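A quick write-up on the structure given underneath.
To find a chain, count down the sequence lines: A is the first, B the second, and so on, and within it residues start at 1. Only a predicted model underlies this, so the values are computations on that prediction, with no experimental measurement involved.
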2 protein chains.
Amino acid sequence: MGIIRKTKSVTTVLQIFEEKQEAKSVVNLIEIVKDKMNKTTVYRILDRLEQDGIIHSFNGKDGLKWYAKCKGCSASHHSDKHPHFQCTECNKVECLSVEIKIPSIKNHIVDSTDILLTGQCEVCSA
Amino acid sequence: MGIIRKTKSVTTVLQIFEEKQEAKSVVNLIEIVKDKMNKTTVYRILDRLEQDGIIHSFNGKDGLKWYAKCKGCSASHHSDKHPHFQCTECNKVECLSVEIKIPSIKNHIVDSTDILLTGQCEVCSA
DNA sequence: CTACTTTCGCGACTGAGTTGCATTAACAAT
DNA sequence: ATTGTTAATGCAACTCAGTCGCGAAAGTAG
């Protein structure tokens with residue numbers, strides 16, 4: 001059970017994700033809201049939102065943790081198999097709706113799949 | 001050009017990768033060689049070995065950097081498209097030789113592909 | 001052996017993420 | 001609306017991976 005109270009901070013963070021359908025690194029988020037709330041609060045809100053399946057997280061190429069909200073997100077259907085794309089020029093990260101098939105691995109049980117593609121996005125490759 | 005001199009430290013690190021064909025996190029490596037060399041040295045050797053294509057690196061689920069030496073590694077053919085598998089029980093990481101096909105993404109140029117699978121390995125799922 | 005240059009060790013530092021605790025603010029019940 | 005409960009926040013101190021600068025040590029070529 002993540003979010004129980006709808007505080008101003010929670011609303012602020014959620015708005016950021018709803019405005020644009022793109023992923024944000026925690027560092028980036030903290031920077032955006034730095035005069036509205038403490039960094040600890042940002043970390044905690046993100047944790048709770050993720051527990052509730054409202055947003056999902058993954059690790060960027062830079063080693064930082066990134067968060068995004070996408071249509072498929074929900075508390076029940078938490079297995080996000082969609083790949084992420086990080087642009088090496090503008091550094092933006094998008095969720096891709098492409099389906100990538102993972103062959104079953106002999107003698108292994110696969111629980112989760114993290115796929116991160118890097119390259120140039122639509123804007124930067126033009 | 002990474003490695004220029006074959007020092008004792010370099011040899012020690014290389015031996016670890018040659019003994020077992022499994023990936024090691026930097027933290028783990030530092031622990032293993034902690035009374036033979038300094039942690040800064042370990043970081044620097046790994047950087048150089050990677051530049052030369054002798055080993056390759058990727059980010060684990062834990063956010064740590066992992067390194068591995070595998071057959072396909074070479075300075076020229078540096079694009080390692082093979083997936084990695086991290087066991088959620090014993091925490092070991094293996095390089096998989098499975099080929100995973102990434103569909104081309106519209107209006108995007110894909111340079112690299114990082115795939116990390118998590119689950120239970122052969123030993124732990126038995 | 002000597003001279004040159006890479007590599008190493010050490011200590012201090014950076015920056016992401018965490019923790020403990022006192023304070024504040026949601027929310028439910030009265 | 002007031003009160004009581006407890007989740008949520010702010011703050012400061014902390015942890016830990018990874019980096020940096022610099023003087024000392026060890027490779028390597030001649």
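- Ring planes of His56(B) and His82(B): perpendicular class, angle over 60° (limits at 30 and 60°).
- The shortest heavy-atom contact between Lys61(B) and Leu116(B) is N-CD2, 3.3 Å.
- When only modelled atom types and interatomic distance are considered, Thr88(A) and Thr118(A) share no side-chain donor-acceptor pair under 3.5 Å.
- Put simply, CG on Asp35(B) is 15 Å from C1' on dG9(C), counting in whole angstrom units.
- For Lys34(A) and dC11(D), the NZ to C1' distance is 18 Å, given to the nearest whole Å.
- For Arg5(B) and dT6(C), a side-chain-to-base donor-acceptor distance below 3.5 Å is present, hydrogens and geometry of angles not being considered.
- For the pair Ile45(B) CD1 and dT6(C) C1', the interatomic distance rounds to 12 Å; values are reported in whole Å.
- No donor-acceptor contact under 3.5 Å links the side chain of Arg44(A) to the base of dG17(C).
- Judged as a side chain to side chain donor-acceptor pair (under 3.5 Å), the pairs with a partner in residues 9-22 of chain B (not counting sequence neighbours) are, in order, Glu22(B)-Lys24(B).
- If you take CG of Leu49(B) and P of dT7(C), they are 11 Å apart, rounded to a whole angstrom.
- Rounded to whole Å, the distance from CG on Asp47(B) to C1' on dT6(C) is 15 Å.
- Taking only side-chain atoms of Lys8(B), from C-beta outward, the nucleotide of dA17(D), dG27(D), dG17(C) with the closest atom is dG27(D).
- Residues Val10(A) and Val27(B) each lie close to DNA chain D; by heavy-atom proximity, the contact nearer the 5' end of the strand is made by Val10(A).
- Closest to the side chain of Thr41(B), from the set dT9(D), dC8(C), dG17(C), is dC8(C).
- Rounded to an integer number of Å, the gap from CG of Leu46(B) to P of dA17(D) is 14 Å.
- Ring geometry for His108(A) against Phe85(B) counts as perpendicular: the plane angle is over 60°, on a 0 to 90° scale with 30° as the lower cut.
- Within the 4.0 angstrom heavy-atom criterion, only backbone atoms of the sugar-phosphate kind lie near Thr7(A); the bases stay farther away.
- When the nucleotides dG11(C), dT19(C), dG18(D) are ranked by their closest atom to the side chain of Lys65(B), dG18(D) comes out on top.
- Across the protein-nucleic acid pair, Lys39(B) atom NZ and dA17(D) atom P stand 8 Å apart, rounded to whole Å.
- Counting any heavy atom pair closer than 4.0 Å across all strands shown, Ile30(B) reaches no nucleic acid atom.
- We find that CE of Met37(A) is positioned 14 Å from P of dA25(C), with the value rounded to whole Å.
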